[in-house]
Amino acid sequence: MMVGVVFALLLLLAAAPARAQAMQACADQAEMPPFTFAERVGGRRTERVTGASVDLLKKIGAAHGWDINVVLLPWARCLAWVAENRAQFAINIGKAEAQAQGDALLLSKPYYTLHNMYFFSRQTHPQGLALRSLADLRRYHLCGLGGYRFEAFGVDTRDVDRGATAGYAQLIAKLHLGRCDLFIDSRETVAGMYLIDPTLRRMLVDGKLLSRPLPGSPQHALYFSVSAKAPGAPFLLKQLNEGLERMEKTRELDKLLGGYLE
């Protein structure tokens, strides 16, 4: 009788779901819709972080029992958190940004390649602003968001006016005020701003902000990074990459992006 009871208990334990492993991830507080942004309810920003990159990471994590919490932080702080293993993943990181952290971050396979553009103001450049090559960037005063690096474009990050610029509305305002000539970003990210900010939406369609493809631009791929200090970090990275390979075969990210942009 006792053997039967013990056997039944073992079966129940085997059938019980494994306890989810809590994981922390972070992304840039400046937001990068449709990849990462704070959900809006009634036009008001909430604490819930959503977006195609978040959904992709959580889909991969679900197969491994990861309970992933995502927060938005100043980008430099997010990278520092991952380097220190206060967070296990950084979302939407570029290769140059990861390399700038030395051996602190392990980089996943790329999951999306952005289309780089340069943006300028019709107010301060009514005749237009034409770039023939990346070398032409050195003729102009660039601005950008804090935490990002620009060496991939042949520009020393120290020469870029980043200051305390925390979001795209401030970045565009600096262009219109003539405090800088242009900034570099992706077509996908700026288009995604329609999702989150009515004020910014008006700034994007009022005819004063112009954009052109960035000539000679290197590919700007998005990656996840894993903290090298995370327990079992190489195996964690292997699980992440295998998940990305599975998702690539089914074009899962394209489906997720479509859900936000339709």
Which heavy atom in [X] sits nearest to a heavy atom in [Y], and how many Å separate them?
| X | Y | answer |
| --- | --- | --- |
| L134 | G216 | CD1-O, 3.2 Å |
| A230 | Q88 | CB-CG, 4.4 Å |
| D28 | P74 | OD1-C, 4.4 Å |
| T36 | S53 | CG2-CB, 4.2 Å |
| H64 | I60 | CD2-O, 3.3 Å |
| A98 | L105 | CA-CD1, 4.2 Å |

Same apolar cluster (I L V M F W Y, side chains within < 4.5 Å links), [X]/[Y]:
| X | Y | answer |
| --- | --- | --- |
| Y168 | F119 | yes |
| F235 | L106 | no |
| M117 | L182 | yes |
| L79 | L145 | yes |

Any heavy-atom pair between the side chains of [Y] and [X] that's under 4.5 Å?
| X | Y | answer |
| --- | --- | --- |
| Y140 | L131 | yes |
| L137 | I184 | yes |
| I93 | F224 | no |
| K109 | Y223 | no |
| P231 | N85 | yes |
| L56 | L244 | yes |
| L222 | P110 | no |

Would you give the length of the straight line joining atom [atom1] of [X] to atom [atom2] of [Y], rounded to the nearest 0.5 angstrom?
| X | Y | atom1 | atom2 | value |
| --- | --- | --- | --- | --- |
| L72 | C78 | CG | SG | 9.0 Å |
| D55 | K255 | CG | NZ | 13.5 Å |
| I91 | S108 | CD1 | OG | 11.0 Å |
| L214 | R212 | CG | CZ | 13.0 Å |
| S121 | R179 | OG | CZ | 13.5 Å |

Using a strict 4.0 Å threshold on nitrogen-to-oxygen distance, state whether [X] and [Y] make a salt bridge.
| X | Y | result |
| --- | --- | --- |
| K59 | E252 | yes |
| D136 | R139 | yes |
| K249 | E245 | no |
| E31 | R40 | yes |

[Y] ring center within less than 6.0 Å of [X] ring center:
| X | Y | result |
| --- | --- | --- |
| W66 | F89 | yes |
| F37 | Y260 | yes |
| F183 | Y118 | no |

Side chain to side chain contact (heavy atoms under 4.5 Å, CB included) between R162 and T157, worked out
CA-CA 9 Å; R162 296 180 298 165; T157 297; 3.4 Å; yes
Within 6.0 Å of CG in D156, more than 12 heavy atoms from elsewhere
yes
Neighbour count >12 (heavy atoms, 6.0 Å) for atom CZ, R251:
no
Check against side chain to side chain contact (heavy atoms under 4.5 Å, CB included), F35 and V54:
CA-CA 7 Å; F35 299 99; V54 174; over 6 Å; no
Criterion side chain to side chain contact (heavy atoms under 4.5 Å, CB included) on M23 and L236, from CA distance to verdict
CA-CA 11 Å; M23 294 283 200; L236 189 64; 3.6 Å; yes
Please determine which of K208, H125, H176 meets the side chain to side chain contact (heavy atoms under 4.5 Å, CB included) test together with F120.
H125
Closer than 3.5 angstrom, by distance alone: can the side chain of [X] be matched with the main-chain N or O of [Y] as a donor-acceptor pair?
| X | Y | value |
| --- | --- | --- |
| D67 | Q21 | no |
| E97 | G94 | yes |
| E188 | L114 | no |
| D161 | L142 | no |

S186 and H115: side-chain donor and acceptor closer than 3.5 Å?
no
Between Y111 and N92, does any side-chain donor sit less than 3.5 Å from a side-chain acceptor?
yes
Taking side-chain hydrogen bond (donor to acceptor under 3.5 Å, both in side chains) as the criterion, tell me which of K238, Q239, R246 meets it with E242.
K238
Under the side chain to side chain contact (heavy atoms under 4.5 Å, CB included) criterion, do L204 and M193 qualify, and how do the steps go?
CA-CA 9 Å; L204 294 172; M193 288 296 165; 3.8 Å; yes
